[in-house]
Amino acid sequence: MSTQDLENYESDMELQLYREYRDVVGLFTYVVETERRFYLANQVDLQVRSAGGEVFYELALADAWVWDVYRSSRFVRSVRVVTFKDVNIEELAKPDIALP
């Protein structure tokens with residue numbers, strides 16, 4: 001497999017992932033970004049913790065979708081993330097009128 005073939009494969013995988021994201025984003029309430037992953041979720045619980053003078057974040061997500069090209073199944077029932085880095089949580093805007 002050549003370098004070009006590998007780059008084309010990765011580009012195709014990213015495009016498929018983007019299309020899947022576009023198809024499922026309307027099913028979720030929150031967008032969550034951590035330093036390692038991007039999630040869509042319907043329930044989010046963020047707890048700020050401290051231990052030994054260090055502050056960290058414990059994040060629990062339910063009914064989630066994970067942005068990860070290499071996962072065979074991106075839909076997950078629950079996710080638990082512990083991180084010392086920033087966590088960004090945004091509530092997605094829902095349209096006022098749903099068209100059939």
Side-chain angles (χ1 to χ4, degrees):
M1 177 178 269
S2 71
T3 303
Q4 185 64 36
D5 290 338
L6 184 57
E7 288 176 9
N8 288 340
Y9 174 77
E10 289 178 348
S11 294
D12 289 344
M13 293 296 292
E14 283 285 337
L15 181 58
Q16 288 176 13
L17 183 61
Y18 170 75
R19 287 178 177 156
E20 183 178 327
Y21 165 82
R22 186 187 60 202
D23 292 342
V24 302
V25 69
L27 302 173
F28 296 94
T29 304
Y30 300 98
V31 173
V32 180
E33 292 178 86
T34 69
E35 79 278 3
R36 297 193 64 204
R37 295 278 192 279
F38 176 90
Y39 302 91
L40 298 172
N42 283 320
Q43 294 178 345
V44 177
D45 179 39
L46 177 66
Q47 300 293 319
V48 179
R49 308 273 191 217
S50 63
E54 296 287 332
V55 174
F56 63 95
Y57 305 97
E58 187 172 353
L59 181 64
L61 308 176
D63 186 23
W65 181 89
V66 184
W67 180 287
D68 188 339
V69 172
Y70 301 106
R71 289 180 66 98
S72 60
S73 177
R74 286 182 269 281
F75 288 97
V76 290
R77 183 175 297 175
S78 64
V79 176
R80 181 175 173 262
V81 177
V82 177
T83 181
F84 289 93
K85 305 280 184 165
D86 291 340
V87 175
N88 184 41
I89 301 169
E90 297 178 26
E91 187 170 357
L92 293 167
K94 297 291 181 181
D96 293 334
I97 301 173
L99 299 175

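These numbers come from a predicted model, not from an experiment. Hydrogens, waters and symmetry mates are skipped; everything else that's a heavy atom, side chains included, is used.
In this structure, Val81 and Val87 have side chains that are not in contact, with every pair of non-hydrogen atoms separated by 4.5 Å or more. Contact of the Val76 side chain with the Tyr39 side chain is not registered, since no non-hydrogen atoms from C-beta on lie closer than 4.5 Å.
Residue Arg77 places its CZ atom among 12 or fewer non-hydrogen atoms of other residues, nucleotides or ligands, all under 6.0 Å distant.
Applying side-chain contact (heavy atoms from CB on, under 4.5 Å) to Leu59 and the options Val79, Val44, Thr83 leaves one that passes, Val44.
Residues passing the side-chain hydrogen bond (donor to acceptor under 3.5 Å, both in side chains) test with Glu91, sequence neighbours excluded: none. By the salt bridge (Lys or Arg N to Asp or Glu O under 4.0 Å) test, Arg49 pairs with Glu58, sequence neighbours left out. Evaluation of the salt bridge (Lys or Arg N to Asp or Glu O under 4.0 Å) rule for Asp12 yields no partner, not counting sequence neighbours.
Evaluation of the salt bridge (charged side-chain N to carboxylate O under 4.0 Å, His left out) test over residues 61-76, restricted to residues two or more places apart or in two chains, returns Glu20-Arg74, Arg37-Asp68. Contacts classified as side chain to side chain donor-acceptor pair (under 3.5 Å) and involving residues 24-33 (residues at least two apart or in different chains) are given here: Thr29-Asn42, Glu33-Asn88.
Tracing side-chain contacts under 4.5 Å through hydrophobic residues (I, L, V, M, F, W, Y), one never reaches Val66 starting from Leu15; they form parts of separate clusters.
Under the 4.5 angstrom side-chain criterion for Ile, Leu, Val, Met, Phe, Trp and Tyr, the cluster partners of Tyr21 are Tyr9, Met13, Leu17, Tyr18, Val24, Val25, Leu27, Phe28, Val31, Phe38, Leu40, Trp65, Trp67, Val69, Tyr70, Phe75, Leu92.
Residue Ala62 comes nearest to Ala41 through the heavy atom pair O-CB, 3.9 Å, listed as atom of the first residue, atom of the second, then distance.
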Query - Trace of the side chain to side chain contact (heavy atoms under 4.5 Å, CB included) decision for Val82 with Tyr57 - result: CA-CA 6 Å; Val82 177; Tyr57 305 97; over 6 Å; no

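Residues Gln47 and Asp45 bring a donor and an acceptor atom of their side chains to less than 3.5 Å of each other.
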